[in-house]
Peer 1: 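The structure's right below; bear with me while I get my questions together.
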Amino acid sequence: DFLTKLYSRKYFFEKAAPYVFRAYHEKSACAVGMIDIDDFKAINDTYGHDIGDKVIQKVAKVLHNGLKGSDIVARYGGEEFCVLLKDTTMTDAQKVFESLREKVSREVVRKIAFPEGIDISFSVSIGVCTKVDGTLDAMLSQADSRLYEAKRNGKNRVVSSALFELEEVI
């Protein structure tokens with residue numbers, strides 16, 4: 001991706017889909033996360049697209065630096081990102097995504113204006129799927145549903161399908 005230097009959505013699908021298929025058949029663990037910058041339109045409208053781009057770049061950097069080398073992170077589109085955590089249990093995935101959310105919430109972008117600069121803070125909401133359903137599309141759909149649940153419940157949070165998977169077992 002030109003703006004973030006992360007992988008593109010196309011690359012994500014090319015690499016993540018076969019991995020999820022294999023994980024399903026080998027009964028191994030993985031997790032898919034959908035990440036969206038909270039209130040991004042308001043950031044663009046209030047501070048301009050140049051600041052919006054800087055926010056996207058900051059989030060991308062946090063995601064890239066917060067994952068292990070075998071994981072895949074890509075810009076999904078606009079202010080949305082997708083992540084595949086390979087060989088990751090439900091519990092570990094929750095910890096990783098919560099850590100990423102927390103790290104993003106500590107970041108700021110500084111808008112230089114006279115006479116003083118303004119620090120602009122931002123957050124992300126994250127939806128996670130840890131149930132390997134055989135296809136990347138199915139996992140992304142679940143992660144996306146959890147993402148919108150995070151948005152509806154106040155933003156700046158991680159909502160995982162793990163809660164729903166545990167309910168199915170009980």
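Computed from a predicted structure; not experimentally measured.
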Peer 1: Taking the side chain as everything from C-beta on, heavy atoms only, tell me whether Asn156 gets closer than 4.5 Å to Ser105.
Peer 2: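 When only atoms from C-beta onward are counted, Ser105 and Asn156 do touch, with a gap below 4.5 Å.
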Peer 1: What residue pairs, at least two apart or across chains, pass ring-ring contact (aromatic ring centres under 6.0 Å, His included) with a residue in residues 26-69?
Peer 2: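 Those involving residues 26-69 do not exist here.
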Peer 1: Can you list everything that forms a side chain to side chain donor-acceptor pair (under 3.5 Å) with Tyr7? Sequence neighbours excluded, please.
Peer 2: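 Testing Tyr7 for side chain to side chain donor-acceptor pair (under 3.5 Å), a comparison that skips the adjacent residues, returns none.
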Peer 1: Could you tell me which residues satisfy side chain to side chain donor-acceptor pair (under 3.5 Å) with Asp119, sequence neighbours excluded, listed by chain and number?
Peer 2: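 For Asp119 the side chain to side chain donor-acceptor pair (under 3.5 Å) partners, ignoring immediate neighbours, are Arg110.
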Peer 1: State which residues pass side-chain contact (heavy atoms from CB on, under 4.5 Å) with Lys103; sequence neighbours excluded, sorted by chain then number.
Peer 2: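 With sequence neighbours excluded, Lys103 shows a side-chain contact (heavy atoms from CB on, under 4.5 Å) to Val62, Ser99, Arg106, given in chain and number order.
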Peer 1: Is Ile120 reachable from Val108 through a run of I, L, V, M, F, W or Y residues, each pair having side-chain heavy atoms under 4.5 Å apart?
Peer 2: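 As far as the 4.5 Å side-chain criterion goes, Ile120 and Val108 are not connected within one cluster.
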Peer 1: Could you go through residues 12-26 and list every donor-acceptor pair under 3.5 Å that involves a side-chain atom there, pairing it with any protein atom two or more places apart or in another chain?
Peer 2:
{"residue": "Glu14", "atom": "OE2", "partner": "Lys10", "partner atom": "NZ", "Å": "2.6"}
{"residue": "Tyr19", "atom": "OH", "partner": "Asp87", "partner atom": "N", "Å": "3.1"}
{"residue": "Tyr19", "atom": "OH", "partner": "Asp87", "partner atom": "OD1", "Å": "3.1"}

Peer 1: For residues 39-53, which residue pairs pass the salt bridge (charged side-chain N to carboxylate O under 4.0 Å, His left out) check, not counting sequence neighbours?
Peer 2: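 Listed once each, the pairs are Asp39-Lys155, Lys41-Asp45.
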Peer 1: Filter on salt bridge (charged side-chain N to carboxylate O under 4.0 Å, His left out), then keep only pairs touching residues 67-82, sequence neighbours left out; what's left?
Peer 2: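 Residue pairs passing salt bridge (charged side-chain N to carboxylate O under 4.0 Å, His left out), neighbours aside: Asp1-Arg75, Lys68-Asp71.
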Peer 1: Name all residues meeting the side-chain contact (heavy atoms from CB on, under 4.5 Å) criterion together with Val109; count only those two or more places apart in sequence or in a different chain, and write none if there are none.
Peer 2: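 Partners of Val109 under the side-chain contact (heavy atoms from CB on, under 4.5 Å) test: Ile51, Lys54, Val55, Lys58, Phe122.
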Peer 1: Sequence neighbours excluded, which residues qualify as side-chain contact (heavy atoms from CB on, under 4.5 Å) partners of Asn153?
Peer 2: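 Checked Asn153 against side-chain contact (heavy atoms from CB on, under 4.5 Å); matches are Glu149, Arg157.
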Peer 1: Applying side-chain contact (heavy atoms from CB on, under 4.5 Å), can you list everything that pairs with Thr91, at least two apart in sequence or on another chain?
Peer 2: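 If we apply the side-chain contact (heavy atoms from CB on, under 4.5 Å) test to Thr91, skipping adjacent residues, the hits are Thr89, Lys95.
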Peer 1: According to salt bridge (charged side-chain N to carboxylate O under 4.0 Å, His left out), who are the partners of Asp36, at least two apart in sequence or on a separate chain?
Peer 2: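 By the salt bridge (charged side-chain N to carboxylate O under 4.0 Å, His left out) rule, Asp36 matches Lys151.
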